[in-house]
Trainee: 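Below you will find the structure I want to go over with you.
Just so it is clear: chains get the letters A, B, ... in the order the sequence lines come, proteins before strands, and each one is counted from 1.
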Number of protein chains: 2
Amino acid sequence: MTPNVIQDMQRAMAERFGEDFEIPLASDGLASLAQHRVHRDFLDRPVDPELLKMLCACAMSAPSKSDLQQRDIIIIQDPDLRARIAALMPQYAWVRTAPAMVIFCLNGRRLPQIAEWRGKPFPNDHCDLLFNAVADAAIALAWFQASVNMAGLGGCPVSEIRNHAELISEWLRLPDKVALYAGFCLGWPSTSGHITPRLPLSVTVHHDRFTDDHARGDIEAYDERREALHPARRQRDPDVWGTANVYGWSEDKAGQYAEPLRTDFGAYLRRRKFNLT
Amino acid sequence: MTPNVIQDMQRAMAERFGEDFEIPLASDGLASLAQHRVHRDFLDRPVDPELLKMLCACAMSAPSKSDLQQRDIIIIQDPDLRARIAALMPQYAWVRTAPAMVIFCLNGRRLPQIAEWRGKPFPNDHCDLLFNAVADAAIALAWFQASVNMAGLGGCPVSEIRNHAELISEWLRLPDKVALYAGFCLGWPSTSGHITPRLPLSVTVHHDRFTDDHARGDIEAYDERREALHPARRQRDPDVWGTANVYGWSEDKAGQYAEPLRTDFGAYLRRRKFNLT
């Protein structure tokens, strides 16, 4: 264990949540989870294929609902395919420049396939199949992110691929009941990054029953704390929304989702033969 | 770093995936992810509230789609509430006996709430809201599981709570657009557990395009490998399905999902005011 790991964790938690934490127990692994940073700028140094394979294996070691393993990873190695994906989202330079990219998919196909192979009926082609497959894909991505961090690499999820879901699904030859979840770009980070402040646990961790009676005040305080640590580079659409005096997380997120986004995503999932009823 | 961490990772990967891996890079954190084991038997030793809080903070440090933070944790501390939940699923003894239990929820409520507070329209009440909230909740649970493991504790997700979704949602006073994802039981493990073998990467990790042309043979080999390592204690419903000669993962999972399960889960989500279109 690194000598100052308890202090490192305390510092990360204070920055993340704006309160002092007791750290009753520490390890380098826990510190890595607590200190998670997003990375989008990378050194010009490749990610070795054996290393990438090992990171995928770590991701696939994560929990999976009833051990059903309803998720897959597609490693993007063809430069032409990578360039076509990157060209769809030129505003995200790292999709073009990151040394490696993988795509996580939900797989609702394997379970009915197994049923067919084993001569069993499959009366479970409904919303729960989608729900479990989304969760499995997200768990694998989370474990992948943790592995990337713990290997000394850095990276970021790319859910923008879902804004071009049909086209990318076609390029990846996804069959029925397999759908895109998120991309992930990774490499050796060229900057130190920073800890993203998160909502205080008073808002997101409850005891015995859910309550958000006090949430508004706590979120406003979070907006101010976050803005003081990492001021927004620019306000979103000031021509539409005017210029806010306190431009914090909630103002930014409310503005981001004031435009219709991925309103056709349910239709995409249905075209992929997921049954949402 | 523990001296034999590379060998530990190699052994875990071989047991997990049935092939020899190159480990170009290792750490205690990576080894913990690779060696993940599920734990359902615990010592009679409490989980300190400060430790549980720290584990929740680690979970909430995980990535979140567009930093929207659409997930919450509810710590179950009222013994009566805990007993009522456990009584719904007596076949899962650990829900009653584990020293601690938390419940992960998806929160599609905070984003429209913020929009309202900031005087913005919210034209995004559709399937994408649900999709992102499920993913955020699953990512938080995954990071929680990793934290539990790295703290030397053990635990298991409990998705059985979704088989009693209405009742438990009522007990937890979940408001509209907040829904159950999964419970999680944890404590200090009393047994060493074992590594669950997973599908080989030839089935779940693809290059540039999805393919499952060769999946059937690879899954049959996996069935045999897994059954040899950890034979099923009993076959599922032999009175209905007969007794299989090779009773592996695919036979077991096909049998499990040959009965209708959670067919009303979509209706539950709609009653919680999620829009699935």
Trainee: Go through the atoms of A:Phe21 and report whether side chain, backbone, both or neither lie under 4.5 Å from a heavy atom of chain B.
Mentor: side chain
Trainee: If I compare all heavy atoms of A:Thr204 with all of B:Arg110, which pair ends up nearest, and what's the gap?
Mentor: CG2-NH2, 3.8 Å
Trainee: Non-hydrogen atoms of chain A under 4.5 Å away: do they reach the side chain of B:Leu261, the backbone, both or neither?
Mentor: both
Trainee: So among B:Lys253, B:Gln256, B:Arg198, which one has a side-chain hydrogen bond (donor to acceptor under 3.5 Å, both in side chains) with A:Asp67?
Mentor: B:Arg198
Trainee: If you count heavy-atom pairs under 4.5 Å with chain A, which of B:Ala26, B:Ser66, B:Ala267, B:Cys56 comes out on top?
Mentor: B:Ser66
Trainee: What is the minimum heavy-atom distance between B:Leu30 and A:Ser147, and which atoms define it?
Mentor: CD2-O, 3.5 Å
Trainee: Could you give the side-chain donor-acceptor pairs of residues 135-143 of chain A under 3.5 Å, partners two or more places apart or in another chain?
Mentor:
residue, atom, partner, partner atom, Å
A:Asp136, OD1, A:Lys65, N, 2.9
A:Asp136, OD2, A:Ser64, OG, 2.9
A:Asp136, OD2, A:Gln70, N, 2.9
A:Trp143, NE1, A:Cys58, O, 3.3
A:Trp143, NE1, B:Leu33, O, 3.3

Trainee: Please indicate whether B:Glu116 has more than 12 foreign heavy atoms, meaning atoms of other residues, nucleotides or ligands, lying under 6.0 Å from its CD.
Mentor: no
Trainee: Pick one of side chain, backbone, both or neither for B:Trp171, based on which atoms fall under 4.5 Å of a heavy atom in chain A.
Mentor: backbone
Trainee: Quick check on B:Asn107 against chain A: is it the side chain, the backbone, both or neither that has a heavy atom closer than 4.5 Å?
Mentor: side chain
Trainee: What's the verdict on side-chain contact (heavy atoms from CB on, under 4.5 Å) for A:Trp249 and B:Gln69, showing C-alpha distance, side-chain angles and the deciding distance?
Mentor: CA-CA 11 Å; A:Trp249 175 82; B:Gln69 311 180 51; 3.6 Å; yes
Trainee: Please flag which part of B:Ser27 lies under 4.5 Å from any non-hydrogen atom of chain A: side chain, backbone, both or neither.
Mentor: side chain
Trainee: For B:His36 versus A:Ser61, what's the shortest heavy-atom pair and its separation?
Mentor: CD2-O, 3.5 Å
Trainee: Using a cut-off of under 4.5 Å on heavy-atom pairs, state which of B:Ala258, B:Gly29, B:Gly266 scores highest against chain A.
Mentor: B:Ala258
Trainee: With chain B as the partner, which of A:Ser32, A:Pro112, A:Pro175 has the greatest number of non-hydrogen pairs under 4.5 Å?
Mentor: A:Pro175
Trainee: Do any pairs count as a salt bridge (Lys or Arg N to Asp or Glu O under 4.0 Å) and have a residue in residues 138-149 of chain A, sequence neighbours left out, and if so which ones?
Mentor: none
Trainee: Between A:Met60 and chain B, which part of the residue has a heavy atom less than 4.5 Å away: side chain, backbone, both or neither?
Mentor: both
Trainee: With a 4.5 angstrom heavy-atom cut-off, is it the side chain or the backbone of B:Asn149 that approaches chain A, or both, or neither?
Mentor: side chain
Trainee: For the candidates B:Gln113, B:Arg71, B:Arg162, which exhibits the highest count of non-hydrogen atom pairs separated by less than 4.5 Å from chain A?
Mentor: B:Arg162
Trainee: Which bit of B:Ser159 is near chain A, if near means a heavy-atom gap under 4.5 Å: side chain, backbone, both or neither?
Mentor: side chain
Trainee: List the steps and the verdict of side-chain contact (heavy atoms from CB on, under 4.5 Å) for B:Met150 and A:Met150.
Mentor: CA-CA 12 Å; B:Met150 288 176 198; A:Met150 287 177 198; 3.3 Å; yes
Trainee: Below 4.5 Å from any heavy atom of chain B, which atoms of A:Leu201 appear? Answer side chain, backbone, both or neither.
Mentor: side chain
Trainee: On a heavy-atom basis, which atom in B:Phe17 and which in A:Ala57 lie closest, and how many Å separate them?
Mentor: CZ-O, 3.2 Å
Trainee: Given that the side chain runs from C-beta out, which part of A:Asp125 has a heavy atom under 4.5 Å from chain B: side chain, backbone, both or neither?
Mentor: neither
Trainee: Check the pair A:Met54, B:Ile23 against side-chain contact (heavy atoms from CB on, under 4.5 Å), reporting the backbone distance first and the verdict last.
Mentor: CA-CA 7 Å; A:Met54 188 193 83; B:Ile23 306 293; 3.8 Å; yes
Trainee: Heavy-atom distance under 4.5 Å to chain A: side chain of B:Leu52, backbone, both or neither?
Mentor: neither
Trainee: State whether the side chain of A:Asp128 and the backbone N or O of B:Thr263 hold a donor-acceptor pair below 3.5 Å, judged by distance alone.
Mentor: no
Trainee: Relative to chain A, which segment of B:Arg82 carries a heavy atom at a distance below 4.5 Å: side chain, backbone, both, or neither?
Mentor: neither
Trainee: Tell me, out of B:Arg109, B:Lys53, B:Lys120, who's got the most heavy-atom pairs with chain A below 4.5 Å.
Mentor: B:Lys120
Trainee: What part of B:Val178 is in contact with chain A, defined as an atom under 4.5 angstrom from a non-hydrogen atom: side chain, backbone, both or neither?
Mentor: side chain
Trainee: For A:Val134 and B:Val134, work out which heavy atoms get closest and say how close.
Mentor: CG1-CG1, 4.0 Å
Trainee: Which answer fits A:Glu15, side chain, backbone, both or neither, if we ask what part of it has an atom under 4.5 Å from a heavy atom of chain B?
Mentor: neither
Trainee: Hey, which of B:Leu111, B:Asp264, B:Thr196, B:Leu130 has the most heavy atom pairs under 4.5 Å with chain A?
Mentor: B:Leu111
Trainee: Is B:Leu68 close to chain A through its backbone or its side chain, or both, or neither, when contacts mean heavy atoms under 4.5 Å?
Mentor: both
Trainee: Looking only at heavy atoms, what is the nearest atom pair of B:Arg270 and A:Leu276, with distance?
Mentor: NH1-O, 3.4 Å
Trainee: Heavy-atom distance under 4.5 Å to chain B: side chain of A:His126, backbone, both or neither?
Mentor: side chain
Trainee: Heavy-atom distances under 4.5 Å only: say whether B:Leu51 touches chain A with side chain, backbone, both or neither.
Mentor: both
Trainee: What is the ring orientation for B:Phe131 with A:Tyr181, classed by angle as parallel under 30°, tilted 30 to 60°, or perpendicular over 60°?
Mentor: tilted
Trainee: Could you check B:Leu174 against A:Phe210 for side-chain contact (heavy atoms from CB on, under 4.5 Å), going step by step and ending with a plain yes or no?
Mentor: CA-CA 6 Å; B:Leu174 301 190; A:Phe210 183 98; 3.8 Å; yes
Trainee: Quick one: does A:Asp78's side chain have a donor or acceptor within less than 3.5 Å of a partner on B:Asp208's backbone?
Mentor: no
Trainee: Measure B:Val203 against the heavy atoms of chain A and call it side chain, backbone, both or neither at under 4.5 Å.
Mentor: both
Trainee: Looking at chain A, which one of B:Asp212, B:Ile219, B:Leu269 has the largest number of heavy-atom pairs inside 4.5 Å, strictly under?
Mentor: B:Asp212
Trainee: Using non-hydrogen atoms and a 4.5 Å limit, figure out which bit of B:Asp80 sits close to chain A: side chain, backbone, both or neither.
Mentor: neither
Trainee: Quick check on A:Leu106 against chain B: is it the side chain, the backbone, both or neither that has a heavy atom closer than 4.5 Å?
Mentor: side chain
